[in-house]
Each structure stands twice: as C-alpha cells, then as structure tokens.
Amino acid sequence: QVRLEESGGGSVEAGGSLMLSCTYSGNTISSDCMSWFRQAPGKEREGVASIYDERGTTQYSDSVKGRFTISRDNAKNTVYLQMNDLKPEDGGKYYCAAARRCFMLEAQDAVLDASGYSWWGQGTRVTVSS
C-alpha cells in the first residue's frame with residue numbers, strides 16, 4: 001500500500017510559477033513510477049510528468065515540456081513538480097500517482113497513461129488566470 005498527499009496548489013496569473021509537492025509513504029521502491037496527472041473540468045485525466053528508475057529518468061507530455069520539471073527527493077519521500085510559465089490551459093486538479101513495475105509501462109510507452117497506476121493522492125487544485 002502506498003499513500004500519497006499533494007500540496008502546493010493555488011491561483012496564479014499566466015506566466016507565473018508554482019511548485020507542487022507529493023509526499024509518499026508506505027511500501028515504495030526507487031523503481032516505482034512517480035507521476036503527476038491533471039484533470040480539467042469536463043476533460044479526461046492527462047499525464048503530465050513522470051520520474052522513475054534509479055537514474056531518475058523523466059518523461060513529460062508535449063504540452064508541458066520545457067516548462068515543467070519533475071524531481072524526486074528519496075530522503076524526504078517527496079516528488080516535486082516545478083511549473084513555470086503557466087498558461088490558463090494548465091489549470092485543473094493535479095494528482096500524484098504511483099505505479100509498480102514501471103519498466104513494463106515504459107516498454108509499452110504508457111508511463112503517462114493513468115490506467116497503469118494503482119495509487120493516487122486526493123489532488124491539489126491549480127488555477128491560472130489570463
């Protein structure tokens with residue numbers, strides 16, 4: 001069992017920055033996929049960024065590449081999502097999620113596919129005004 005808790009959401013103007021944090025506990029291992037997803041009202045949950053394996057390999061959706069950075073501090077059991085140059089379309093509820101057997105998701109090119117994740121946090125809301 002893995003428990004995840006997000007924090008750091010809020011309201012910013014377009015062009016601004018926010019950092020989200022996800023604190024995890026339970027039976028986690030360094031090779032787990034730790035990822036951020038987001039969901040806007042009326043839209044499907046979208047994979048945003050993932051970090052996995054002992055090298056800290058990262059993967060981003062095209063919509064956030066170059067603006068968002070995911071990182072992980074194993075000593076603090078925390079995953080971060082630094083979001084810069086925020087746009088109104090970045091708004092939504094952001095969820096932290098964890099998945100086991102990340103190498104399988106990677107092989108299937110499904111690291112950012114929500115269906116592969118077993119554990120989820122409650123989410124934190126991000127609002128970006130234009």
Side-chain angles (χ1 to χ4, degrees):
Q1 185 71 20
V2 176
R3 290 174 294 279
L4 304 163
E5 183 172 358
E6 305 93 339
S7 62
S11 297
V12 294
E13 294 184 352
S17 298
L18 279 175
M19 176 178 272
L20 305 183
S21 298
C22 170
T23 301
Y24 55 88
S25 60
N27 187 23
T28 59
I29 56 179
S30 60
S31 59
D32 287 345
C33 277
M34 300 296 293
S35 302
W36 287 95
F37 292 80
R38 68 187 181 191
Q39 189 166 20
K43 294 189 176 181
E44 291 189 359
R45 195 164 293 190
E46 171 193 15
V48 173
S50 181
I51 189 166
Y52 53 94
D53 74 30
E54 287 76 9
R55 295 169 298 172
T57 300
T58 58
Q59 193 170 131
Y60 298 91
S61 67
D62 289 342
S63 61
V64 307
K65 202 172 293 183
R67 299 187 297 120
F68 289 14
T69 302
I70 188 170
S71 60
R72 180 175 184 170
D73 187 336
N74 291 330
K76 295 183 178 180
N77 283 4
T78 302
V79 176
Y80 303 97
L81 185 68
Q82 176 66 45
M83 306 186 295
N84 297 328
D85 190 22
L86 282 160
K87 304 175 181 180
E89 53 265 39
D90 292 320
K93 199 163 189 181
Y94 281 70
Y95 297 89
C96 181
R100 217 27 68 80
R101 298 186 181 88
C102 196
F103 64 94
M104 293 180 64
L105 295 180
E106 186 181 24
Q108 297 164 6
D109 195 22
V111 170
L112 294 179
D113 185 340
S115 64
Y117 286 75
S118 302
W119 301 286
W120 293 85
Q122 295 299 307
T124 184
R125 190 162 298 281
V126 172
T127 303
V128 185
S129 58
S130 57

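Heavy atoms only: backbone and side chains are in, while hydrogens, waters and symmetry mates are out.
Residues D109 and Q59 meet the side-chain proximity criterion, which asks for heavy atoms closer than 4.5 Å. Within the 4.5 Å cutoff, the side chain of N74 has heavy atoms near those of the Y24 side chain. Residues W120 and C96 have side chains not in contact (no heavy-atom distance under 4.5 Å, counting atoms from C-beta outward). At least one side-chain heavy atom of M83 sits under 4.5 Å from a side-chain heavy atom of V126.
The main-chain N or O of S35 is never found under 3.5 Å from a side-chain atom of Y52 such that the two would form a donor-acceptor pair. Looking only at distances, no side-chain donor or acceptor of E6 sits under 3.5 Å from a matching main-chain atom of C22.
Applying the side-chain contact (heavy atoms from CB on, under 4.5 Å) test between R72 and each of V79, T58, N77 identifies V79 as the sole match.
Atom OG1 in T78 sits 12.5 Å away from atom CG in L20 (nearest 0.5 Å). Taking CZ of F103 as the start and CD of Q108 as the end, the distance is 10.0 Å to the nearest 0.5 Å. Separation of atoms CD (Q1) and OG (S25) is listed at 9.0 Å; rounding is to 0.5 Å. Atom CG of residue L112 and atom SG of residue C33 lie 8.5 Å apart, to the nearest 0.5 angstrom. Note that CD1 of I51 is 10.5 Å distant from SG of C102, once rounded to the nearest 0.5 Å.
Between Y117 and F37, the ring-plane angle classifies as perpendicular under the 30° and 60° cut-offs.
For A98 against V2, the heavy-atom pair with the smallest separation is CB-CG1, 4.3 Å. The two residues G91 and A40 come nearest to each other via the heavy atoms O-CB, 3.9 Å. Taking both residues in full, the closest heavy atoms of S61 and G47 are given as CB-O, 3.4 Å, listed atom of the first, atom of the second, then distance.
The salt bridge (charged side-chain N to carboxylate O under 4.0 Å, His left out) pairs that include a residue from residues 97-107 are D32-R100, where partners are two or more places apart or lie in different chains. Residue pairs satisfying the side-chain hydrogen bond (donor to acceptor under 3.5 Å, both in side chains) criterion with at least one member in residues 121-130, sequence neighbours excluded, are absent. Here side-chain hydrogen bond (donor to acceptor under 3.5 Å, both in side chains) pairs that include residues 83-98, with residues two or more places apart or in two chains, are S17-N84, R38-D90, R38-Y94, R67-D90, Q82-N84.
Both W36 and V12 are part of a single hydrophobic cluster, where members link through side-chain heavy atoms under 4.5 Å apart. In terms of hydrophobic clustering, with Ile, Leu, Val, Met, Phe, Trp and Tyr side chains grouped at heavy-atom distances under 4.5 Å, V48 and L18 are assigned to a common cluster.
Annotation: M19, atom CE; neighbour count of heavy atoms from other residues, nucleotides and ligands within 6.0 Å is above 12.
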